[in-house]
Amino acid sequence: MRHVAIVGSGPAGFYTAEALGKAFGAGIAIDLLDRLPVPYGLIRFGVAPDHQSIKAVARRYEKVALTPGIRFLGNVHLGADVSIEELLHYYDAVVLATGAPLDRRLDIPGDDLPGVIGSAAFVGWYNGHPDFADLRPPLDVSAAAIIGNGNVALDVARILAKTPAEFTGSDIVAHAFEALGASAVRAITIFGRRGPHQVAMTPKELGELGHLAAASPLVDQADFPPPGTDAMLDPGQRKSVEHLRSFAAAQPDGAKPKTIAFDFFARPVAIEGDGRAERLVVERTALDASGQARGTGETYTIAAGLVVSCIGYSSPPIPGIPFDQSLGRFPNTDGRIEDRLYAVGWARRGPTGTIGTNRPDGYEVAEAIAAAFPPTAEPSGRGGGAGLDRLLDSRGCDPVLFADWQKIEAAEVAAARTGFAREKLVRLPDLLKAVGR
Ligand SMILES: Cc1cc2nc3c(=O)[nH]c(=O)nc-3n(C[C@H](O)[C@H](O)[C@H](O)COP(=O)(O)OP(=O)(O)OC[C@H]3O[C@@H](n4cnc5c(N)ncnc54)[C@H](O)[C@@H]3O)c2cc1C
């Protein structure tokens with residue numbers, strides 16, 4: 001019998017558990033630990049609440065969690081409740097699937113003003129992440145700036161632009177639903193250092209902006225290279241550029257009170273305001289021969305009382321684990337950090353790729369573990385989950401098991417039906433009381 005701990009219950013953690021289960025069958029006991037009381041990582045707290053078909057991948061993870069030999073232990077924080085040395089003592093192998101939850105800072109003057117918010121915090125707020133329940137983003141302002149040209153920027157723009165009716169069928173938390181319903185934001189601008197050909201936005205997400213009830217997307221025709229050059233792009237990128245060209249060609253719909261403007265070749269260089277964000281100072285850029293954006297020295301100012309930076313993420317270091325500060329993640333070779341210690345998903349590769357990109361990671365690391373610790377019917381000599389349980393108990397930690405989480409989810413669904421504010425369930429003591437634990 002082998003014992004493996006996977007730390008982090010997002011996609012990478014679940015794909016690794018699935019792959020290990022397949023490789024070892026009944027010969028493995030897997031503990032999936034998470035610092036939060038609930039599983040699924042960014043599927044729950046990152047993916048937009050109006051993208052329910054994407055969130056449905058959690059059903060696959062639920063099957064994994066219900067597989068005999070696999071336990072979910074929520075509310076267990078590696079680095080606070082338990083150390084890596086302790087996990088390596090109890091388990092044959094430990095897999096870090098802790099993601100990249102920290103916002104990369106803008107690192108420009110004024111980026112610490114109230115009203116400047118990283119996307120992990122903003123997205124966490126509208127998705128009910130307990131760390132951001134009290135964020136209260138300023139929505140009493142008319143202009144919002146979103147910095148970054150990826151899908152997260154599109155998610156943030158769309159959520160700011162939607163009418164309450166457009167959230168029907170979503171699982172947006174009540175505090176965000178109410179605040180967004182009362183929002184004064186009308187002018188949303190998305191800033192990108194490069195141009196339409198360089199966006200990291202996918203066609204489906206871009207296309208959605210063309211069908212919003214109360215907002216028109218705006219793009220300047222002058223930002224495009226000649227149409228013939230689109231042929232050089234790969235098909236997905238070409239489709240994205242087609243959407244942008246169609247936005248540029250359309251007349252803004254005067255009946256729609258909100259706008260989502262794309263400001264390409266634009267690099268924010270400062271945020272200014274009297275005690276809070278009020279304006280963004282932006283430098284015009286141009287592409288150099290290698291395709292990099294270079295500042296032209298020409299600057300302009302645009303009103304922005306809310307600034308959401310969507311420029312990427314990094315992982316926090318964990319005591320006792322090698323960490324590459326410049327890369328913002330755990331250095332590894334093909335997922336192996338050091339003897340018996342592995343990394344998968346965003347903790348391994350950094351914050352890139354879609355949910356599915358994490359699957360091969362999990363399978364590759366599971367293969368490496370199976371090669372290093374061949375399945376055996378003999379006891380491995382490690383204390384495994386029973387050892388961890390005793391340790392956590394001695395520290396007064398009370399892990400939330402998968403069955404507890406299922407009760408929490410059922411209570412949330414029922415609460416949504418009865419109109420009970422879902423965010424009341426976000427804090428752990430309330431959660432556990434609400435499900436009778
Ligand atoms: C805003 C946003 C929207 C996205 N939308 C999409 C989308 O629509 N479609 C798509 O394909 N991809 C999307 N992605 C990408 C996708 O979410 C990621 O590829 C995926 O979640 C990465 O998986 P992961 O398991 O590595 O990390 P995560 O999903 O972040 O999971 C990490 C887990 O580790 C836990 N953890 C962290 N530190 C510790 C610790 N010290 N101890 C215990 N537990 C810990 C966390 O609580 C979390 O549950 C989105 C990403 C973001 C940020």
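What you see below is based on every heavy atom in this structure, not just the backbone, and it leaves out hydrogens, waters and symmetry mates. Counting starts at 1 for both ligands and their atoms, in listed order. Only a predicted model underlies this, so the values are computations on that prediction, with no experimental measurement involved.
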Determine whether [X] and [Y] make a side-chain contact, defined as any pair of heavy atoms from C-beta on separated by less than 4.5 Å.
X      : Y      : value
Phe177 : Ser170 : no
Ile337 : Pro322 : yes
Val152 : Ile146 : no
Leu206 : Thr202 : no

Taking only heavy atoms of [X] into account, list the atoms of ligand 1 that are under 4.0 Å away from them.
X      : result
Tyr313 : 53 (C)
His77  : 40 (C), 41 (N), 42 (N)
Ala97  : 32 (C), 33 (C), 34 (O)
Leu36  : 47 (O)
Gly353 : 15 (C), 19 (O)
Gly8   : 33 (C), 34 (O), 35 (C)
Gly41  : 29 (O), 31 (O), 48 (C), 49 (O)
Gly345 : 26 (O)

Less than 4.0 angstrom from a charged side-chain N to a carboxylate O is my criterion; do [X] and [Y] meet it?
X      : Y      : result
Arg336 : Glu364 : no
Arg276 : Asp140 : yes
Asp92  : Arg340 : no
Arg193 : Glu283 : no
Glu166 : Arg158 : no
Asp171 : Arg44  : no

request  = Classify the angle between the aromatic ring planes of Tyr126 and Phe122 as parallel (below 30°), tilted (30 to 60°) or perpendicular (above 60°).
outcome  =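 It falls in the perpendicular class, over 60°.
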So which of [options] gets nearest to [atom], if we judge by its closest heavy atom?
atom                    : options                : result
atom 47 (O) of ligand 1 : Val7, Asn151, Asp34    : Asp34
atom 20 (C) of ligand 1 : Ile355, Asn358, Asp361 : Asn358
atom 51 (C) of ligand 1 : Trp346, Phe45, Phe14   : Trp346
atom 36 (N) of ligand 1 : Val76, Leu42, Thr98    : Thr98

ask   = Can you tell which of Val199, Leu154, Asp263 makes a side chain to side chain contact (heavy atoms under 4.5 Å, CB included) with Ile190?
value =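 Only one option passes, and that is Leu154.
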key: Step-by-step side chain to side chain contact (heavy atoms under 4.5 Å, CB included) determination, Val82 to Val76   = CA-CA 7 Å; Val82 63; Val76 179; 4.1 Å; yes
Which residue owns the protein heavy atom closest to [atom], what's the atom, and how far is it?
atom                    : value
atom 1 (C) of ligand 1  : Gly46 O, 3.5 Å
atom 31 (O) of ligand 1 : Gly10 CA, 3.5 Å
atom 43 (C) of ligand 1 : Arg35 N, 3.2 Å
atom 27 (O) of ligand 1 : Gly99 CA, 3.5 Å
atom 23 (O) of ligand 1 : Pro11 CD, 3.5 Å
atom 25 (O) of ligand 1 : Ala12 N, 2.9 Å
atom 52 (C) of ligand 1 : Val152 CG2, 4.1 Å

inquiry  = Does His3 form a side chain to side chain donor-acceptor pair (under 3.5 Å) with Asp31? I'd like the steps, not just the answer.
reply    = CA-CA 8 Å; His3 298 280; Asp31 282 345; over 6 Å; no
Considering both backbone and side-chain atoms of [X], is one of its nitrogen or oxygen atoms within less than 3.5 Å of a nitrogen or oxygen in ligand 1?
X      : value
Val47  : no
Leu78  : yes
Ala100 : no
Asp155 : no

inquiry  = Does the residue Pro101 have a heavy-atom contact with ligand 1, meaning some pair of atoms that are separated by less than 4.0 Å?
reply    =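 No heavy atom of Pro101 comes that close to ligand 1.
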key: Gly79 to ligand 1, any heavy atom closer than 4.0 Å   = no
request  = Would you confirm whether Ser183, through its side chain, and Val185, through its main-chain N or O, come within 3.5 Å as a donor-acceptor pair?
outcome  =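 Such a contact is found between Ser183 side chain and Val185 backbone.
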ask   = Which bit of Val123 is near ligand 1, meaning a heavy atom under 4.0 Å away: side chain, backbone, both or neither?
value =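 Only the side chain of Val123 comes within reach of ligand 1.
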query = Any non-hydrogen protein atom below 4.0 Å of atom 9 (N) of ligand 1?
reply = yes
ask   = Under 6.0 Å from the six-membered ring centre of Tyr363 and within 45° of its axis: does the NZ or CZ of Arg359 meet both?
value = yes
